[in-house]
Amino acid sequence: MTNDIDEFSSIYGKWEAEWEKNRVHNAEPEPGRKKFFVTAAFPYPNSPPHIGHGRTYVTADVLARYKRSRGYNVLFPMGFHFTGTPIITMADDIAKGDKELIDIFENLYKIPKDVIPKLADPLYMANYFKGEFERGFRKLGLSIDWRREFTSINPEFSAMVVWQFSKLKGKNFIVTGEHPVGWCPIHNTPVGMHDTKSDVEPEIGEFTVIFFQSEDGVFPVATLRPETIFGATNLWINPKEDYIKVEVDGSNWWISRKAFQRLSFQMNMKETGVALKGAELVGREVMNPVTGNKVKVIGASFVDPKTATGVVMSVPAHAPFDYYYLLKEGKNVNPIPVIEVNSLGEIPAKKIVEDKKPKNDEQLEEATKELYRLEFNTGKMRKDLGKLVNGNTELTSMIAEQPVPKARDVVKKFILEKGLGTKVLEIMNRPVYCRCGNEIVVHVVKDQWFIDYGNAEWKKTAKEYLSAMQIFPQEARKEFEAVFDWLDRRACARTRGLGTPFPWDRKWIIESLSDSTIYMAFYCVAHIIKENEIRASQLSQSLWDYVFLGIGDPVKVSEENKIDRQLLERMRDEFVYWYPLDSRHSGKDLIANHLSFFVFNHVAVFPRELWPKSIVVNGFILYEGKKMSKSLRNIVPLEQAIKKYGPDTVRLVLVGVADLWSDANFTDDLAKSINSKLKKIYQSAKEGLDTNRKRYCTLQDKWLSSIVKKTVKKVSDEMETLDFRGAVNDAFFMMERYYDEYLEWVRSVGQEPNQEVIREFFENLAIMLSPFAPYISEEIWHLYGGQGFVINAKWPENKEYDVNVLLIKYYIDSVISDIQSIMEIKKGKTAKLTFSDNMKLLRTCINSLEKGGGFKEFVREVVKEERIDVKALQRLYDVVTQLEPEFRKFLLENEFNEYNIIRDNLEFIKRRTGMDKIEISEGTNLTGKVAIPLRPAILLE
RNA sequence: GCGGGGGUGCCCGAGCUUGGUCAAAGGGGUCGGGCUUAGGACCCGAUGGCGUAGGCCUGCGUGGGUUCAAGUCCCAUCCCCCGCACCA
């Protein structure tokens, strides 16, 4: 009673230890030998690794192993990203005793109970999970050179980041400016997605504010639809709320008290001490600054005092709320339409309200959305706008008959330029709450530091280079191009979190995606720094200038940094040898940020010959068809998966069953079935050793040998294009099938398998499978006396194979399937076969097809010489179109004796079809059935 | 809205780049058979419709087109998913 994994576990442990002992995965420069440098995006260890983390790394590892077997000196290192806030937040949660999180750590990830309290320390947490990653990734068989590992908060790494930023600054790519962020008003800190309750990303949007003048200060109306200003018939305020007068840039505004509490975080506002209930403002007369019209302030309960200014305008022609409430309050409704939409008549809001008959605010909200969408997408400003503005037609003439989106921009610009209004920012998906429980607001941070990815020169160079890079898969390239286009200034400093202090203002920390764009360069020297205990203080700008750019005199640089000259030269040599990076791997979620920054920063910092060669992006991992998430509690920790299914199986599921671009679905059934196939192959390999027949001669031997050679060619092509799914299919699933076919075929002729061909099969299998399933491949490799480790074994060459035997097998299979399909209708125990030997007809058909001719041409061609039933010709034509090109070519140049082939394989066919007897004869006719080339006439009795 | 991806048989999911090998791979489920005391696991077969002969009909979101031939190419249209930043 052994379970699948027990039988294999000794293999896994054995080879992991052997590889470790022999330092198989360590990489040293070998001047003169071609190199391949591959990295994957380093993980952020705020939990133990799960199977999703494995995909990118296994993809990179497969490539690394493949390149090795192609003779490259391969470097595959990894490090850890500690920068940022989520780890801190999680550690806080542990400290607070967050039940849900502790439950997940304890029961999902199986973290020992005594460890959990210690995770309240963020650094302990990061290091603990880093350890888990290392252990898990080792077990997964990743060929990583662990000596070079580091974390993004190592002081030595920070020294390099500082160098990088000074390079950026030197090119004026670091700029300052204002920047709005989500903000907790109690803690006075920025609030990102990870800091909110239920992980909501705060969306910041912009309201246009229009100043309606009154005798006693301004009513700042906030709107998302400034183009409807012409249709305002009154203002709305909430009569139950407090309104206060505040001073903004020298003028007085009436806004809700709740608005004041929010807006004061984004603009200078002073309380004047004047406050009134909303109800007391009702009835005041205000002037629309754009049209000059006078309108009244009216009260309504739907006005949200917490959104923007708490003062809104009423446009009953285009806002269902406004139309509905005016009617409900018994006011005069005089809608002024300013936008026309074909299907909505004169007054769009009226039509929508009358059609939909909304009964509550929720339904009004729906109606609003619908009208908004219709007007935005299909609406045009009316041409009679001019008459609404008291003679001032400067603005209306610009927008009359224009589509709504364009008019909106024009009106907004007009209002801002003429000083008729301003803008305020608001959390569009509010309310969003900070983890502390307070509702967050928009805060405008002054003097924010940015990396200016919008810089035209920089962008141009980056885009040019992108087109020269290799991008896998093809689909990703378009997305990169789009991202490069819209990329603009990016805030690169934060007020809290782990990371490198910002060099020019040390109260800031360099933001997490900005400190990890050229870190692959650090791998080249990380182990040298570690082994020689070089300190951050010795890693000054001049050192990095020399190591990375070759600038400066090594003698001076080594003195300046108190580093032994030999060491300094070694760092330089190692960098020169490994750089540029050959392949960068990550999930496709990083296209829009990390991977793009990575290209931009290389372009900015390094000379062109050191820019990265290629990018490989992969899809995600689903578990049983669903995205893994804490809330679904369906996360599969890597170590548990490895323990349950074994590392080779996990690897095959992660990279072998879905193409790069799409998500791969990890299922228990799939893993089990792959595991049992691995087991079967291993079993076959062991049994294969016992074969005794030495002489290599039979048709079956030749077939297996040929199909192996053909598979080698196919898999080689697939590996080169990173079609790992295809490669796994051929090198694993198909190879297994071929082996079974061979055994059955050989046994049907009463023979044993041949030693020589079995050896060829397993040697090739071991190497082709080794990038994907290194453990079992290693075992099979050694079983068959392979020298050294399979990772260093040379990838098989493409060799000529025998098309004839492949065609023979194809032909036999097609006869078998014909017999079977007849059996579905007519049972029989004896099959009678006759054959056509009309090679000439067959060749005519192939020729006309090769020439690109259709069926008609073929018939015309044939009719010239002989009279043959058109039906039969059609069948032949179908048979030939289905033939592989190499078979067609073969048949043009060689004889193919169907009778002899079937005669020699009668036993195999009988076995496959269950026939008792198969009679073959040479004539073409068989009681009405006509044989055509490659399709014998078959009669069952 | 803009950008990217996608809609395939009961379900999941390949294929479409290079039209014919596609009634459409591979799973799952279901049905039948084997094994077993039984169940599970495993193995074999079937799984669009029709048909006592390897065939015919219908079919790959919807509508049209190109072609001897279209899941595959072209046009139009509907629907779904992801990204749009300062967050790892």
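Each chain gets a letter, A, B and so on, in the order the sequences are listed, and its residues count up from 1. Every heavy atom of this structure was used, including side-chain atoms; hydrogens, water molecules and symmetry mates were not.
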Give [X] one of three labels, base, sugar-phosphate or nothing, depending on what nucleic acid heavy atoms sit under 4.0 Å from its own.
X	value
Pro936(A)	base
Thr83(A)	sugar-phosphate
Leu670(A)	nothing
His179(A)	base
Ala482(A)	sugar-phosphate

With Ser629(A), which residues qualify under side chain to side chain donor-acceptor pair (under 3.5 Å), at least two apart?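 Checked Ser629(A) against side chain to side chain donor-acceptor pair (under 3.5 Å); matches are Ser631(A).
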Can you tell me which stems RNA chain B forms when a stem means 3 or more consecutive Watson-Crick or G-U pairs under 3.5 Å?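 Only these stems qualify: B:1-7 with B:78-84, B:10-12 with B:26-28, B:29-34 with B:42-47, B:48-50 with B:55-57, B:61-65 with B:73-77.
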Validate the cation-pi geometry between Arg489(A) and Phe450(A): distance from NZ or CZ to the six-membered ring centre under 6.0 Å, angle to the ring axis within 45°.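 Yes, Arg489(A) lies over the aromatic ring of Phe450(A).
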Can a cation-pi geometry be assigned to Arg490(A) and Phe597(A), taking NZ or CZ under 6.0 Å from the six-membered ring centre and within 45° of the ring axis?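 No, Arg490(A) and Phe597(A) do not form such a contact.
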Looking at the side chain of Asp669(A), which of rG3(B), rG54(B), rG28(B) is the nearest nucleotide?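 For the Asp669(A) side chain, the nearest candidate turns out to be rG28(B).
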Minimum-distance nucleotide (side-chain atoms of Trp661(A) versus rA88(B), rG54(B), rG4(B)):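 In terms of side-chain proximity for Trp661(A), the closest of rA88(B), rG54(B), rG4(B) is rG4(B).
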Under 3.5 Å between N/O atoms: give me all the protein pairs with nucleotides 12-16 of chain B, atom names plus distance.
from: rA14(B); atom 1: O3'; to: Arg725(A); atom 2: NH2; distance (Å): 3.0
from: rA14(B); atom 1: O2'; to: Arg725(A); atom 2: NH2; distance (Å): 3.0

On the nucleotide [N], are OP1 or OP2 found under 4.0 Å from the side-chain N or O atoms that [X] carries?
X	N	value
Arg477(A)	rG4(B)	no
Lys478(A)	rG5(B)	yes
Arg494(A)	rA88(B)	yes

Can you tell me the distance, in whole Å, between the CG atom of Asp589(A) and the P atom of rC81(B)?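 About 19 Å, once rounded to whole Å.
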